[in-house]
Structure formats: C-alpha cells, structure tokens
4 protein chains.
Amino acid sequence: MPTRRRRAGGTKRAAVLDAVVTVLAERGFENTRFTDVSLASGVAISTLQNYFGSREDMVIEAMEVFTEREVAALEAMSAAEADPWRRLVVLVDRSLHNSAATRRVLVEFWRSAMRDDDIGAHSAGVRTRYREPFLAAVREGVQRGDFTPAYDADTVTDLLLSTLAGLTIFAVQRGPAPSPEGLRDVLLAELRSVLGGKG
Amino acid sequence: MPTRRRRAGGTKRAAVLDAVVTVLAERGFENTRFTDVSLASGVAISTLQNYFGSREDMVIEAMEVFTEREVAALEAMSAAEADPWRRLVVLVDRSLHNSAATRRVLVEFWRSAMRDDDIGAHSAGVRTRYREPFLAAVREGVQRGDFTPAYDADTVTDLLLSTLAGLTIFAVQRGPAPSPEGLRDVLLAELRSVLGGKG
Amino acid sequence: MPTRRRRAGGTKRAAVLDAVVTVLAERGFENTRFTDVSLASGVAISTLQNYFGSREDMVIEAMEVFTEREVAALEAMSAAEADPWRRLVVLVDRSLHNSAATRRVLVEFWRSAMRDDDIGAHSAGVRTRYREPFLAAVREGVQRGDFTPAYDADTVTDLLLSTLAGLTIFAVQRGPAPSPEGLRDVLLAELRSVLGGKG
Amino acid sequence: MPTRRRRAGGTKRAAVLDAVVTVLAERGFENTRFTDVSLASGVAISTLQNYFGSREDMVIEAMEVFTEREVAALEAMSAAEADPWRRLVVLVDRSLHNSAATRRVLVEFWRSAMRDDDIGAHSAGVRTRYREPFLAAVREGVQRGDFTPAYDADTVTDLLLSTLAGLTIFAVQRGPAPSPEGLRDVLLAELRSVLGGKG
DNA sequence: TATGAATGAGGCTTCATTCAT
DNA sequence: CATGAATGAAGCCTCATTCAT
C-alpha cells in the first residue's frame, strides 16, 4: 500500500489542486469531500483517488502547494525591493491585502497544523521560510544602520508576524471586526517605532 | 422539526459541556463525535442527543459556554485593578498565559466562526465584549492623562488584540514558534510606546 | 410483562384516544408517535405509556374505539328509520358524507387490518357489524315485498359496501377524483335497480 | 443537496425495483427497510442508497414503476379487444383477478397517495390513465349504439372503478369478506344495466 | 397516577474506498 | 489513465422504553 502517491496524474493535477484549494477555502479541511472537488474540477472521484490516494492526502497536498506558492511569492517580492524598510512595507502590505479566500485557507492551515502531524511538520518549514524575508529585512536594516531596535531582530519579526496573523483571523470573522487595511497606518508606525532609527 | 433544544437535561448538563470542551480542544469541531463525549463524560450517547439535539448543536453550545466564561473571567479581572496601565498588563498577561487547551479551543472558535452562521453570530457578540475591558482601560488612561496615544483608543485596542490573537495561533503550532510569554516584554514595551504618556 | 394494559388511566383516557385518532388521521399508523399524541393531548409521554403500554397498542386501541363508535352510530341511525329503502338511503348518505378525517382513518384502518393481526381480527368483527344494518334493510325490504332483487341479499349488500369503500378511497386522493356526493344519484339509482321492486 | 437521484445504478436496478415491490407488498410503505430490500435482492444496502438516494425515494419509485406497469398492461389489454362490452368485461376481470400481492400494493398506493405529496401527484396521473381504457370503452359503446346509459360516461366509469377499488380493499382483509371473483356476476349485470342497450 | 431523566435498539445516511473495465 | 459500479465502515438520529421520584 503506497503511503502517499504523489506523482500520479498529468497536467490536470495542478488544476485539480487549485480546485481543492477553492473548496478548502469554502468548506474547510474536514468538509472538503471528494464529491466537492470532483464537481469543482470536473474530474471523476476515482481519478482524484488515483492522483492523491486518499482524501486527506489530497487536501494536505493542496495546502502544501498553496503555502509553497505563498512563500515563493513572498520571496520574489522580497527580492524586488532593495531598501529594507520599503521592503518591509511591501511585505506587510501583501499580507494586509490578502484575498478572503487566501485568508480562509491560512486560517485552515494554522488550525490544521495544530492537529495533523503531517501538516504540522510541513507547517514548521513553511513558517521558517515565510518568516525569512521579514527577518532578513530587519537584519539588513540594522546592519545598514537604518534600524536601531531595542529588541533583537527575531523578536521584532515574531511580533510583527503575530500581529499580521491576528489581523488575518479577525478579517475572516463575521460581523464587525478590525480590518487589516484599516490598521495599516498604526501598524507601520508602531513597527517603525520598534525598529527605531531614522523614520 | 426541533430547531435547537437547549434546555433539556438535568444537573449533569454543565459537567457534560465541560467534557465537550475537553474533547473539542483535543479533536476539533468536526471530529468531536458523540462517542468521544460519551466516553469523556460517562453519559450515554442518547442522553447527549436528548440534551443538545444534534452533534453540532452540542459542540456549538459548548463553544458558547466556553467563550462566555472567558469573557466573564476577563470582566472580573478587569474590575479588580483600578490603574489603567496595570489593568492592561493584567489582561495581556492573562491572554499570554492561556493554557494549551484554551488556546486550541480559541483557534477552533475563530475558525468555526468563519464558517458556521450560528457561531459567527455568537462570535460577534463575544468579540465585542471581550474587547470591552481592553478598550475601557485605554480610554480611561487617556481620560486620566496617563496615555497620550497618537491613534484613537479603538485602533490601539484592535492592534493589541490582533497581536494577542496571532500569538495564540503561533503558540499552538508544532515545531519552533514564538512563545507568547517570550514576547511579553517587547509587546508591553511597544504597547506602552503606542499609548504614549509617562512610562 | 403485561401484554396489553387496557384499563389504566382515568377520565382523560377518552380524551387522549380522541387525540390519537386526530393524529392518526394526519400522520397514519406508523407515524403516530408518542410525541405527537403528547403534543396533541397535553399529556406526558410516560403517561401515555402508563395508559396504553406501547405505542402500537395505543394506536390500535384508538382505531378500535373509533370503529366501534362508527358502528354504533350506524346502528342507531338504522333504528331510527322504519322504511327499508329510506333506511338504506340514510345509511348510504352517511357514508357518502363522511368527513375527510373519518375517511382517512377508515383508509388507515383497512390498510392496517391487511397487515396487523390484532387489527385484522378486530376488523373482521367490525366489518360484520357494520354490514349488518345494510343487510337487514335489504332483507326486510325483500320480506316486505318492497325489493325483488335478482341476487341474494348478501351479494347485493357486499356490492353496495364495496362501492362505498371505493368511493371513500377516491375521496381521499389528491388531484381530480370522483366525489362520493357527486355519485350519489347514480349510485342510488343503480342500487334501486339491483333491488328491483317498486321504485 | 441531492433532491432525488433517479438514474444512478446499472443493470440490476430493474431487478431491485421488483424486490422493493415484493417487500412493499409484504411489509408496507413505512416498514420497507433497506435491510429487507437488501436481503430480497442480494444487493448491498449502500448500493440501494446509491441507486435511489433515500429509503423513501426507493419505495416511491418502486410504487411508480409498479403502477406504470399496471397502466401499461391495462392499455395493452384494452387495445386487444374491439367490442366495447367485451372489452369492459376483460378490464373488469383483470381487476377482479389481481394477485394478492398486487392488491396489497394497490392498497398501499392509495393510502400513501393520501399522505405523500410526491406519490399523490403521481397518483393523479396514474388514476387518469388507468381510467382511460374504461372510459373509452363506455364512450365507444355509446357511440356505436351498444350502450344507452341514463348517466354520462364519466359518471358510469367512476362508479365502476369505485366498486372495483372497494372490492380490492375487501379482498385483502382478513377473516370473512366478499371476494371480488364472487361478485363478478352481479357486478357485470349491474354494469350492463346501467349501460343500458342490448344486453 | 403522573412525570422527567436517562437509555438502548435499530435504521438511515454519508463517505471513502475497492474493483472491473 | 480515467471512470462508474458496487460496497463497507462509521456516525448520527429517531424512537420507544425503563427507572426513579
């Protein structure tokens, strides 16, 4: 019995994974059924099983692909801006303007990583790499003398990422809740203040 | 058609709800089965159905009871400290030192409120009341002249709560992640700096 | 274990049985639950069980009481009219003008008598007694010389009762169906013709 | 939400529907369980669910198929006899000689059509089409001059069908009851008399 | 007698999964 | 590779029922 068959399926595989992500955003981890993905992708259920082996593996792989893509996008974005502070602003803005679907998938991801071993393991790596561009920007700014934070770069980065995660959580709530975009100014001001240096 | 039967059952009801919360923390919303709660509480499955009507209603009610209790505790705690700044510190510390189970339930709660209509509606009220003690402390400090924030009280409060929520998210992740307690100092320092005033 | 406890319950028993009949007309044999009768009668479920022992016994007793009442009414009506032909007309008219609820219960009764042993046994007696007034009228008319049927009284009576039963069946159908009242004239004319004699 | 999935399943579907009818005749609408049909047909319960969606839909479809078949047989039989009167006799005889199982299903059908919306709607159509061959024979006989009834063709037909339905009801009762076959002569004589004309 | 609490039995239903084509 | 047919596992849920008061 193949533990996880990852390489079945041809070109449609990527498209199917997108469909899984869509369903995942809508219905959540446990409620993403083969039927839903079959409907969303136009691919027969048995074919999905050929691709992914089991339902869980399918959803998990979709989460992994999704988060990998997010990380890659962040890295690309990071590489495009030389100035540390402006780079941080760009990275923060990307997070603040995530689509509703993206936010929902992120919440699913955090919540599933708390329970599932596989996702949890993958999540640790993703977290590290997601954190990296932020951390690098802070460090670079310090090195350059742009920032003179009272706390070390790791701490500052963690605090920033926590706030961004919390804003994501609130953004998906129903009813009145602080919008990430609405808190942009104060968030950046505070960040700048924590980083110290010329502002 | 029984919409939602909330008041069936006798003295064991409260104890059962605690058991539900325990299972919920362990297994999550969708995986909290009647069997689990029956085992955890020593009450027959049919009794659970008699109490709550359906599995979902059972879990939802447990979430509601849990969050109500959290809010009530926060309010009590808030009433016990007169000084606005020290009150904020106490409130923040409470959040930072939540038990693992509490954090897991909170994550479940945020995630379920994003999907379920009933939980979502309840969640809106809870959010407002949970926010209230923080907001009141900020406002009171401003009124007293202790705080002179550059941003209005709502904004500052939302930012603080976002960070706390994000820290909760990270605290339940597997693998290396920033610990809420570890970020206490920088968080408080930053909060103090945003609030301005004598520090 | 008491096979069937028939004599529990006080004055409310009769009222409860009426409620059972009402529910029976609405929901049918298998779907007449304790809950329904409890709601319809304002009596607790456990009380119903005290009265009747089991659900089935409750419904069966209600059917028996109902059919007994029907037979008794028929007999009373029969006794009130001396002339055989006019008596037949009265009896036929009673059947043709049954209420919708009565018709539904009758259909339930016929259908249940086809399946359930107890109801079946009771039904045989009811059928005989229900038939009696019709049969007696026919026989009396023959004796008097009012009727000169080509077929014996039993046969004529059975044919008449079959037609009345069939009309009842159609009367409870949804959509277009012959109404018993609408067929009164032809039915009586035909009956008269079968009976022969002065008309 | 799958409203009613009618066309799932392969070649065994028709055979399964026959099994459902058999169980239905034995146990009745509400007591026709998946288990029974599974046993009677040799098909797994989940397969039944795959075919029909739900228990009720399964039984309803079986009823529909059964009644359609009855109607079709009647129509075929009607087409095979040119003479109106002989055609009526053939049609009546068919009804009078129905098998016990057929009669039981018919009673179930009439009774269910009284309660269930879907069956009720279907039943209306069936009733019309079942009536059609009888009605046509009467009309044709009138046109030809074979019949000279004092009542219009619809009325006469309805009366005849009522009697046949009533006989079916009585035929399935336990204990002494008029047998349809035993009433054949008087029924036909009466019918002939109502139709008038050369006899 | 009348009732509410608690429970067991039995059926339906959803889903993932296996298998043959 | 892709699919549809058939199936097994596992949970929910409705009910009648038992028991203590």
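The analysis underlying the following values was restricted to heavy atoms, covering all of them including side chains, and did not include hydrogens, waters or symmetry mates. Just so it is clear: chains get the letters A, B, ... in the order the sequence lines come, proteins before strands, and each one is counted from 1.
- Set against F:dG8, E:dT13, F:dT3, the side chain of A:V43 has F:dT3 as its closest nucleotide.
- Rounded to an integer number of Å, the gap from B:N31 CG to F:dC12 P is 10 Å.
- Atom CE of C:M58 is separated from atom C1' of F:dT17 by 13 Å (rounded to the nearest Å).
- Not one N or O on the side chain of B:E108 forms a donor-acceptor pair closer than 3.5 Å with the backbone of B:G28.
- E:dT14 atom P lies 12 Å from atom CZ of A:R27, rounded to whole Å.
- Checking C:T32 against D:L48, the closest nucleotide of DNA chain F that is more toward the 5' end is the one next to D:L48.
- In this entry the distance linking CG of D:D36 with P of E:dG10 reads 14 Å, nearest Å.
- Nearer to the 5' terminus of DNA chain F, by closest-nucleotide assignment, is the contact made by B:S54 (compared with the other of C:F34 and B:S54).
- If you check F:dA10 for Watson-Crick or wobble pairing at under 3.5 angstrom, you find it paired to E:dT13.
- A salt bridge links C:D18 and C:R69; the closest N-O separation between the charged side-chain nitrogens and carboxylate oxygens is under 4.0 Å.
- The residue among B:G42 and C:G42 whose nearest nucleotide of DNA chain E is located toward the 5' end is C:G42.
- Here the side chain of C:K12 is nearest to one of E:dA2, F:dT7, E:dA6, namely E:dA2.
- Atoms CZ (A:R33) and C1' (F:dG11) sit 15 Å apart, rounded to a whole Å.
- Base pairing annotation: F:dT21 forms a Watson-Crick or G-U wobble pair with E:dA2, both donor-acceptor distances under 3.5 Å.
- Between D:E30 and the options C:R27, C:R115, C:R33, C:R111, a salt bridge (Lys or Arg N to Asp or Glu O under 4.0 Å) holds for only C:R111.
- When the nucleotides E:dG8, E:dT18, E:dT13 are ranked by their closest atom to the side chain of B:A44, E:dG8 comes out on top.
- Between the OH atom of B:Y51 and the C1' atom of E:dG4 there is a distance of 11 Å, rounded to whole Å.
- Computed from coordinates, the A:N50 CG to E:dT21 P distance equals 17 Å when rounded to whole Å.
- Counting only heavy atoms from C-beta on, C:Q49 has its side chain closest to F:dA16 among F:dA6, E:dC12, F:dA16.
- Using a 4.0 Å heavy-atom criterion, one finds that B:I45 contacts no nucleic acid atom at all.
- Between the side chain of B:S38 and the backbone N or O of B:F34 there is no donor-acceptor pair closer than 3.5 Å.
- For the pair B:R13 CZ and E:dA5 P, the interatomic distance rounds to 11 Å; values are reported in whole Å.
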